[in-house]
A.B. asks: 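Quick one: structure below, then a few questions.
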Amino acid sequence: MAVLSIITALATMALKTWAWSLTGSISILSDALESLVNLAAAGFALYVLTIAAQPADAEHPFGHDKAEYFAAAAEGLLIIVAAVGIAAAAWGRLQSPAPLTQMSFGLLITVLASALNGATAWKLFRVAREEDSLVLRADAEHLLSDVWTSVAIVAGLAVIWLLPSQAWLDPILALAVSVHLFLTGLRVLAPALAGLMDEALPANELRKLDAALAKTLPTGTEVSALRTRKSGRRRFVDGNLLVPGQLSVGEAHTLCDEVEDAVRAVLPECDITLHMAPMAERERH
């Protein structure tokens, strides 16, 4: 999927650059710059996904899944940098207005590039949900943002095409694009930083976890000091399984297996670590 994203970024960047060369529109240039960021982000995503797919080893016993967070964070930062660059270019055009040319052909090319981005974004979102991939979701978010950016630009430039006296709208559109991109960058960056900081699992997953424990644990037992985190598509859960002191080691071990199976049933690809202790140690946990 990352390869598809790279091919799409190359195609749309070429189309939008062509449209900009024909029209001289600073808003279409801003759209082309966003596609350049798409290309850089897609290339980085392809590299990072190969790292994240590697199995755990002696140096990385928990696997390489967190590489996805670095890719998503890098993409968010790239988007923000692009937003600042577009804002600077738009401000310069506001100070020095220039006429637009060959609008009909330029708009047609931009619409074609937008349709290509939309189709790829839809595909990426579907695969990201199936694979629970943060980096693919970030890529899809960015492409979808690019689509809406292009729609707004085409609408604005259509007005300029019909009313040439409103050419001042061109740099204003570019400024609006920069604000939209900046917010998109923050939206992509936030979950990546949360993952790098080992934020707890989402509330809906914690509810599933609590329900599984409540259904499985017999009276007189409990799980305390529960901690959760997510790394890529994997979940990590650890805590203390407190059992009655008279329970044999074999019985406690069987219960532990049942609890782990129940948790994995609601949280696939979950790595669970439970420390068994007698209920008498409850106060110390």
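Along the sequence shown, the residues carry numbers beginning at 1. The analysis underlying the following values was restricted to heavy atoms, covering all of them including side chains, and did not include hydrogens, waters or symmetry mates.
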A.B. asks: A side-chain contact here means heavy atoms from C-beta on lying under 4.5 Å apart; do I7 and L10 qualify?
C.D. replies: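 Result no, sub-4.5 Å side-chain heavy-atom pair not found.
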A.B. asks: Would L267 end up clustered with L217 when hydrophobic side chains under 4.5 Å apart are linked, directly or stepwise?
C.D. replies: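 As far as the 4.5 Å side-chain criterion goes, L217 and L267 are connected within one cluster.
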A.B. asks: For E205, is there an ion pair with R235 - N to carboxylate O distance below 4.0 angstrom?
C.D. replies: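 The answer is yes: the pair qualifies as a salt bridge.
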A.B. asks: Going by heavy atoms in the side chains, are T273 and V237 under 4.5 Å from each other?
C.D. replies: no
A.B. asks: Search all heavy atoms of A212 against all heavy atoms of V266 and return the closest pair with its distance.
C.D. replies: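 Heavy atoms only, the tightest pair is CB-CG2, 4.0 Å.
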A.B. asks: Decide yes or no for I272 and R264: does some side-chain heavy atom of the first lie under 4.5 Å from some side-chain heavy atom of the second?
C.D. replies: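 I272 reaches R264 side chain to side chain.
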A.B. asks: Should I86 and L29 count as side-chain neighbours, where that means a heavy-atom distance under 4.5 Å?
C.D. replies: no
A.B. asks: Roughly how far, to the nearest 0.5 Å, is the CD atom of E258 from the OG1 atom of T216?
C.D. replies: 7.5 Å
A.B. asks: Nearest 0.5 angstrom please: L15 CG to S150 OG, how far?
C.D. replies: 10.5 Å
A.B. asks: Is there a path from L226 to L241 through hydrophobic residues (I, L, V, M, F, W, Y) whose side chains come within less than 4.5 Å of each other?
C.D. replies: yes
A.B. asks: Does a donor on one side chain and an acceptor on the other come within less than 3.5 Å for S248 and E251?
C.D. replies: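 Per modelled atom types, S248 and E251 side chains form a pair under 3.5 Å.
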A.B. asks: Step by step, would you call I153 with S30 a side-chain contact (heavy atoms from CB on, under 4.5 Å)?
C.D. replies: CA-CA 10 Å; I153 287 173; S30 70; 4.1 Å; yes
A.B. asks: Do V84 and L189 land in one hydrophobic cluster if side-chain heavy atoms of ILVMFWY residues count as linked below 4.5 Å?
C.D. replies: no
A.B. asks: To the nearest 0.5 Å, what is the distance between CG (L242) and CD (E222)?
C.D. replies: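 One gets 5.0 Å once the value is rounded to the nearest 0.5 Å.
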A.B. asks: Side-chain contact test, heavy atoms from C-beta onward, threshold under 4.5 Å: evaluate it for L22 versus I109 and give yes or no.
C.D. replies: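 They are in side-chain contact.
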A.B. asks: Would you give me the side-chain donor-acceptor pairs under 3.5 Å for residues 167-185, sequence neighbours excluded?
C.D. replies:
unit_1: W168; atom_1: NE1; unit_2: Q166; atom_2: OE1; d: 2.9
unit_1: D170; atom_1: OD1; unit_2: S25; atom_2: OG; d: 2.6
unit_1: D170; atom_1: OD1; unit_2: S27; atom_2: N; d: 3.1
unit_1: D170; atom_1: OD1; unit_2: S27; atom_2: OG; d: 2.5
unit_1: D170; atom_1: OD2; unit_2: I26; atom_2: N; d: 2.8
unit_1: S178; atom_1: OG; unit_2: L175; atom_2: O; d: 2.5
unit_1: H180; atom_1: NE2; unit_2: S145; atom_2: OG; d: 3.0
unit_1: T184; atom_1: OG1; unit_2: S145; atom_2: OG; d: 3.2
unit_1: T184; atom_1: OG1; unit_2: H180; atom_2: O; d: 3.0

A.B. asks: Grab the two heavy atoms, one from V151 and one from S114, that are nearest each other, plus how far apart they are.
C.D. replies: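 Looking at all heavy atoms of both residues, the shortest contact is CG2-OG, 4.4 Å.
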A.B. asks: Would you give the length of the straight line joining atom CZ of R227 to atom CG of N240, rounded to the nearest 0.5 angstrom?
C.D. replies: 9.0 Å
A.B. asks: Quick one: are T228 and F236 in side-chain contact, heavy atoms under 4.5 Å?
C.D. replies: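 When only atoms from C-beta onward are counted, F236 and T228 do not touch, as no gap falls below 4.5 Å.
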A.B. asks: Less than 4.5 Å apart, any side-chain heavy atom of L247 and any of P278?
C.D. replies: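 Sidechains of P278 and L247: no contact.
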A.B. asks: Any heavy-atom pair between the side chains of L144 and F125 that's under 4.5 Å?
C.D. replies: yes
A.B. asks: Mind checking the OG1-CH2 spacing from T110 to W18? Nearest 0.5 Å is all I need.
C.D. replies: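 Spacing of OG1 (T110) from CH2 (W18) equals 11.0 Å.
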A.B. asks: State whether W91 and R93 meet the cation-pi test: NZ (Lys) or CZ (Arg) under 6.0 Å from the six-membered ring centroid, and within 45° of the perpendicular axis.
C.D. replies: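 Cation-pi check for R93 and W91: fails.
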A.B. asks: With distance as the sole test, does T23 use its side chain to make a donor-acceptor pair with the main-chain N or O of Q102 at under 3.5 Å?
C.D. replies: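 Flag not set: sc T23 to bb Q102 has no pair under 3.5 Å.
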A.B. asks: State, to 0.1 Å, how close C256 and M276 come at their nearest heavy-atom pair, and which atoms those are.
C.D. replies: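 Taking every non-hydrogen atom into account, CB-SD, 4.0 Å.
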A.B. asks: Please confirm whether the backbone N or O of P218 pairs with a side-chain atom of T221, one donor and one acceptor, at under 3.5 Å?
C.D. replies: yes
A.B. asks: Can a salt bridge be assigned to the pair R234 and D271 using a cut-off of 4.0 Å between side-chain N and carboxylate O?
C.D. replies: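 Yes, charged N to carboxylate O under 4.0 Å.
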A.B. asks: For residues K16 and I28, report the shortest heavy-atom separation together with the two atoms involved.
C.D. replies: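 Taking K16 first and I28 second, the nearest heavy atoms are O-CG2, 3.4 Å.
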A.B. asks: Quick one: CG on L157 to CG on L107, what's the gap to the nearest 0.5 Å?
C.D. replies: 5.5 Å
A.B. asks: Going hydrophobic residue to hydrophobic residue with side-chain gaps under 4.5 angstrom, can you get from V263 over to L274?
C.D. replies: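 V263 and L274: one cluster.
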A.B. asks: In the single-linkage hydrophobic clustering (I, L, V, M, F, W, Y; side-chain heavy atoms under 4.5 Å), do L33 and V81 co-cluster?
C.D. replies: no
